[in-house]
Novice: 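For reference, the structure I am asking about is given below.
Throughout, numbering of the chain's residues begins at 1 and tracks the sequence.
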Amino acid sequence: VLYVLDLCVQNDKNDGDFDYLIKSHECIPASPDGHDLKYPSQLINPYKTAASLFSPEDKRFPFGSEETFLNSLRLAKLEELGMLTNYLPWPEVAERAESVSILNENSGESALKRVKALMDHLEWKLLLEGESSFSDDVRNRFLEAKFLPLRQKPYKFPLRWKGDEIQTGNKIALLSPKESFLESDMYLVCCTEPVVDQHMSRGVQKFLYLDKMKATFEHVTSQLDFASSINANSLDTLASQKLKKVFLEAYEYLQRGLVSE
């Protein structure tokens, strides 16, 4: 295969037949062990941006060394034959979101790194292509996928924390966008709704419909009910400050509602 690939690189000896031969066959060994063979179009260049969304276990990187398939000229040729580099089609990006929960079963740390890379890639892709570039099916796959890390209960927070019902053991708990609220609304919803612990741009928030997940009157009154049941005199300074924050944000929310009416 290396011999034929090198013939493809040498344009003066290549009339296109060798290109077609490589492109149309599963003939490129993939990591991590080289036992799986892939079409060039199924591969990811391990040195380009999209590689951050994959691991060797995904079997998408060419297997070898700089003397074999990781040679720069051969990689450039594989790119010409369809290997992905910085750009991923929307269905591939959706599949990467779905892969986070699978990766989390073995490594929470690796899952969080993939989430960060996914947020960066989504932000770049949305800026580059805009919202008209994806289908409803793709967006729905994102909305259903559990890939957003759950915010843990803050230290000394005195009220019920909905996320505690979702967290199991030491494994990182993951949420889907359709069941998540942003940290900006934490003090208005945290007793009854899970909160996401992930920074993301406004464009990504909009894409994931998180901008639509807003606190309601019912959320706020529930917060006040829980807060009112606490014996404030039994709290230390830090817990008292957090309780005060709940009351302040709830009253500000209610005040805005009265003004808007």
Novice: Which residues satisfy the side-chain hydrogen bond (donor to acceptor under 3.5 Å, both in side chains) test with K244, sequence neighbours excluded?
Specialist: none
Novice: Atom SG in C190, atom NZ in K162: separation rounded to 0.5 Å?
Specialist: 12.0 Å
Novice: Using modelled atom types and a 3.5 Å cut-off, is there a donor and acceptor pairing between side-chain atoms of E98 and backbone atoms of I102?
Specialist: no
Novice: Can V93 be reached from W124 by stepping across I, L, V, M, F, W or Y side chains whose heavy atoms are under 4.5 Å apart?
Specialist: no
Novice: Under the side-chain contact (heavy atoms from CB on, under 4.5 Å) rule, collect the residues that match up with E79, sequence neighbours excluded.
Specialist: N45, K48, M83, T85
Novice: Check for a donor-acceptor pair, side chain of D236 on one end and backbone N or O of A239 on the other, with a separation under 3.5 Å.
Specialist: yes
Novice: Hydrophobic clusters join Ile, Leu, Val, Met, Phe, Trp and Tyr when side-chain heavy atoms are under 4.5 Å apart, directly or via other members; which others share one with Y209?
Specialist: L143
Novice: With distance as the sole test, does S24 use its side chain to make a donor-acceptor pair with the main-chain N or O of Y20 at under 3.5 Å?
Specialist: yes
Novice: Out of curiosity, L84 CG to T49 OG1, how far, rounded to the nearest 0.5 Å?
Specialist: 12.0 Å
Novice: What pairs of residues pass the ring pair (Phe, Tyr, Trp, His ring centres under 6.0 Å) test when at least one of them lies in residues 211-243, not counting sequence neighbours?
Specialist: F181-H219
Novice: Run D58 and I44 through side chain to side chain contact (heavy atoms under 4.5 Å, CB included) and show every step you take.
Specialist: CA-CA 10 Å; D58 292 311; I44 307 289; over 6 Å; no
Novice: Do you know the tightest heavy-atom contact between L78 and P62?
Specialist: CD1-CG, 4.4 Å
Novice: Got more than 12 heavy atoms from elsewhere within 6.0 Å of NZ, K59?
Specialist: no
Novice: Only counting residues at least two apart or in another chain, list the ones meeting side-chain hydrogen bond (donor to acceptor under 3.5 Å, both in side chains) with N233.
Specialist: none
Novice: Looking at K242, I want to see if its NZ is surrounded by more than 12 non-hydrogen atoms of other residues, nucleotides or ligands under 6.0 Å.
Specialist: yes
Novice: Enter the distance from L148:CG to D197:CG here, rounded to the nearest 0.5 Å.
Specialist: 10.5 Å
Novice: Ring pair (Phe, Tyr, Trp, His ring centres under 6.0 Å): which pairs involve residues 81-118, sequence neighbours left out?
Specialist: W90-F134, W90-F207
Novice: Quick one: hydrophobic cluster around Y155, which other residues, with the 4.5 Å side-chain cut-off, linked directly or via members?
Specialist: L238
Novice: Around E165, counting heavy atoms of other residues, nucleotides and ligands shown, do more than 12 lie under 6.0 Å from its CD?
Specialist: yes
Novice: Identify, with sequence neighbours excluded, every residue that meets side-chain hydrogen bond (donor to acceptor under 3.5 Å, both in side chains) alongside K206.
Specialist: none
Novice: About how many Å separate OG of S101 and NZ of K146, when rounded to the nearest 0.5 Å?
Specialist: 9.0 Å
Novice: For K116, which residues count as a side-chain hydrogen bond (donor to acceptor under 3.5 Å, both in side chains) partner, sequence neighbours excluded?
Specialist: D120
Novice: Considering residues at least two apart in sequence or located in another chain, which fulfil the salt bridge (Lys or Arg N to Asp or Glu O under 4.0 Å) criterion with K214?
Specialist: none
Novice: Which pairs, with at least one residue in residues 66-86 and sequence neighbours excluded, count as a ring pair (Phe, Tyr, Trp, His ring centres under 6.0 Å)?
Specialist: none
Novice: Measure from the side-chain N and O atoms of T221 to the backbone N and O of E218, and report whether any donor-acceptor pair falls under 3.5 Å.
Specialist: yes
Novice: Minimum heavy-atom separation for S240 and A232, please, with both atom names.
Specialist: OG-O, 4.2 Å
Novice: Under the ring pair (Phe, Tyr, Trp, His ring centres under 6.0 Å) definition, can you give me all pairs with a residue in residues 21-65, not counting sequence neighbours?
Specialist: none
Novice: Could you check whether the rings of W161 and F157 sit parallel, tilted or perpendicular, using 30° and 60° as the cut-offs?
Specialist: perpendicular
